[in-house]
2 protein chains.
Amino acid sequence: MAADASAEPRAWEQVLQHIERRLLDGDLAPGDRLPGERALAAELGVGRSSVREALRVLEVLGLIRTHTGSGPTAGAIIIATPGGGMSALMRLQVAASGFPVADIVATRLVLEASVAGDLAAASAVEPGPDLAAADRLLDAMDDAALAAPDFLALDAAFHLALAEASGNQVITATMAGLRSGIEGYALAGLARIDDWHAASARLRSEHRGVVAAIRAADAATARTRMHDHISGYYAQTSPDRTFATPEPPPHPADLDEVAVDVVPTGENDIT
Amino acid sequence: MAADASAEPRAWEQVLQHIERRLLDGDLAPGDRLPGERALAAELGVGRSSVREALRVLEVLGLIRTHTGSGPTAGAIIIATPGGGMSALMRLQVAASGFPVADIVATRLVLEASVAGDLAAASAVEPGPDLAAADRLLDAMDDAALAAPDFLALDAAFHLALAEASGNQVITATMAGLRSGIEGYALAGLARIDDWHAASARLRSEHRGVVAAIRAADAATARTRMHDHISGYYAQTSPDRTFATPEPPPHPADLDEVAVDVVPTGENDIT
DNA sequence: CGCTCCCATGTGGTCTGACCACACTGTACC
DNA sequence: GGTACAGTGTGGTCAGACCACATGGGAGCG
C-alpha cells in the first residue's frame, strides 16, 4: 500500500493517472472520445510517445478502443469491456508460469459453481434468468459434424453465457479471462481423449443437466453438476494430474431436504 | 470470439506475441532478462517505440519489471506477479464504470467464502494451513490507536493473507485486484460509520471468528462467517444500495459430520 | 440544382535519431 | 591495496517526420 507515494517521474504514468482522474471525476465516460494524442501530449507537457504508451495500456486493459481515420468513430473512445484485458492478463500470466493451470481450474470451479447456484436461485422467482443464449449454444453443440476445437469454442461460449445470465460482470469477465488462460491447455488435452464422440456426448449431457437443475431452481444440484462437469473434463484431459473429485459420486438428485448448503465446492482438488 | 483472425499489423502486438511465444516455448522464464529494447527492435524489425509500447503493457500486466542503469538488476526482467496487473485492471474498470461496485463485492463474497471453506477443510489434516501472517495482522489490528484508513489497510492485508494461505495464486491475485477496485469506495464508506470504535471492534471480532472456524476445521461456519463479515461491512457503508446477496442464504451450520469428507490434500505449491 | 469525384484535413501507427539519468565496471591513479 | 573516475550500456523521454486511413467539404460536371 501507498508504495506509490513521493514522485511518479514516469511520464506515461502521469498520463494514465490523468485519464483515471478524469474518469473518476466524471469528465470522461464510456462512449466519450479522448483528446487526440498530440493534444493530450501538449496538455500534459509530455511527449507523444509517452501518451501512446499510456493509451496502449488502456487499450490492452479494455478501456479504450482506437481507430484511425477521421469522423465520429475515429480516435480513442472510452469503452469498458474488461473481457479483453482479463484474457490478456491470464494468458500471459499462464505463459510466464505466474498462474498454475491447476489454480485457474480451481478458480473456475468456485466461480462457475457459484454462477450455477445463483441462476438456480434466480429461477425460483419471476421472471428467472435469461437462458436463451445458453440454450442456443446447447443446440449448436448437438451438431455431430462439429470438430473438437469448434465444440470447445461453443462450450466456452456456453459457460460464458451462463455467467452473463447471472448478471455479474466481474465474474463474467474473470471467467472469460480464466478460459483464455487455459485455452491452449484445453486444446492440448484433446489429444488425450480416445473417444471424442463419447466424450462430447457426455459433455453435452452434463450441460443439459446443469441447465435442467437451474430451471428446476435446484441450486445445490446445479452447483454440484457444474463442479463435476468442469473437474471431470480436466481430470480426463490431464490424467497425470490428480484432479480427483473428492466428493461423493455424482448422484445429487436427493437433496430436497438435504439441501443444507452442503459446502458444495470449496475444495481445490489439486496437488 | 475469433475476431482477431486475419492479420494484426500492429507492430507492438508482434512484439507482444513474440515474447508470449518465447515464454510458452520456455525460452524465457521468470527471472530471465529480456533483450534490450534496441536489440529487440532490431531483432523483430520494428521501431524501438513499438517495443516500448509492448513492454509497457507487460509491465502493467505484472509480467516484467524494468530498471535503469546496468548490472544484473537492470533491464527488463521477467517476473510473474499478477497482483499489480489485476489491481490496475480492476481500478480502471471501476473508474470507467465497467465494473459495478456491487458486482465486485459479490465476487469477493464468492471467492473469500470459498477461501475460508478451503482453509477450514485444510485444517482437518496435518499440517494445516499457515495462518501465521493472518494472526500477526489480527494482532496488529488490535491497536486501538489505529486510524480508520490504517485499520482498513490491515484488514485488506488480512483478507489477502488468508487467500495466500489457501495456496491458490489466481484467487489471491484476483482478490487483490478486487480490493483495489473498491478501495476508494471502502474509504469513502468510512464517512457513513457513526461509531468507528464499535464498528472496528465488530470487524475484529468477526475476523477472530472466521479464523476460529478455520482452525476448528468447520468449513461451513467459516464460509458463513466470512460471507456475513464482508456483506455486513458493505451493507453498513452503503445503506442506500441494495446489495442483493447473490448467494443462497448462508445456512448456519450443521456440519459436524460433514466436515470430514473432503479435500484430503491441501498442498499444491509450485508445479 | 443536384450529383459525383477528389483532395485537404486530422486521426492513429510507426520509425528514426537524439538526448538524459542512472548504475555498474574496469581502469588509472594514489 | 584501495579509491576515484571515466566508460559503457540500460531504460526514459522527447521531437520530428512519414504513412495509411477515413472523413467531409468543395470543385466540377451533368
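Numbered from 1 within each chain, the chains take letters A, B, ... in sequence-line order.
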Roughly how far, to the nearest 0.5 Å, is the CG atom of Leu44(B) from the CD1 atom of Ile19(B)? 8.0 Å
Hey, could you give me the CG/CD distance between Leu162(A) and Glu112(A), rounded to the nearest 0.5 Å? 7.5 Å
Write down the distance between [atom1] ([X]) and [atom2] ([N]), rounded to a whole number of angstrom.
{"X": "Leu40(A)", "N": "dC14(D)", "atom1": "CG", "atom2": "C1'", "result": "16 Å"}
{"X": "Arg33(A)", "N": "dG10(C)", "atom1": "CZ", "atom2": "P", "result": "13 Å"}
{"X": "Arg38(B)", "N": "dG9(D)", "atom1": "CZ", "atom2": "P", "result": "11 Å"}

Checking side chain to side chain contact (heavy atoms under 4.5 Å, CB included) between Glu37(B) and each of Thr66(B), Val15(B), Leu55(B), which is the one that passes? Leu55(B)
Using a 4.0 Å heavy-atom cut-off, does Gly69(A) contact any base of the nucleic acid, only the sugar-phosphate backbone, or nothing at all? base
Report the nucleotide, chosen from dC15(C), dG12(C), dC14(D), that has the shortest atom-to-atom distance to any side-chain atom of Thr68(A). dG12(C)
Under 3.5 Å, side chain of Arg33(A) to main-chain N/O of Ala74(A), donor-acceptor pair present? yes
Heavy atom of residues 47-56 of chain A under 4.0 Å from DNA chain D: which residues? Gly47(A), Arg48(A), Ser49(A), Ser50(A)
Asp135(A): partners by salt bridge (Lys or Arg N to Asp or Glu O under 4.0 Å), with sequence neighbours left out: Arg215(A)
With side chains defined as the heavy atoms from C-beta onward, is the minimum distance between Ile182(A) and Met90(A) less than 4.5 Å? no
If only side-chain N and O atoms of Thr66(A) are considered, is one of them under 4.0 Å from the OP1 or OP2 phosphate oxygen of dT11(C)? no
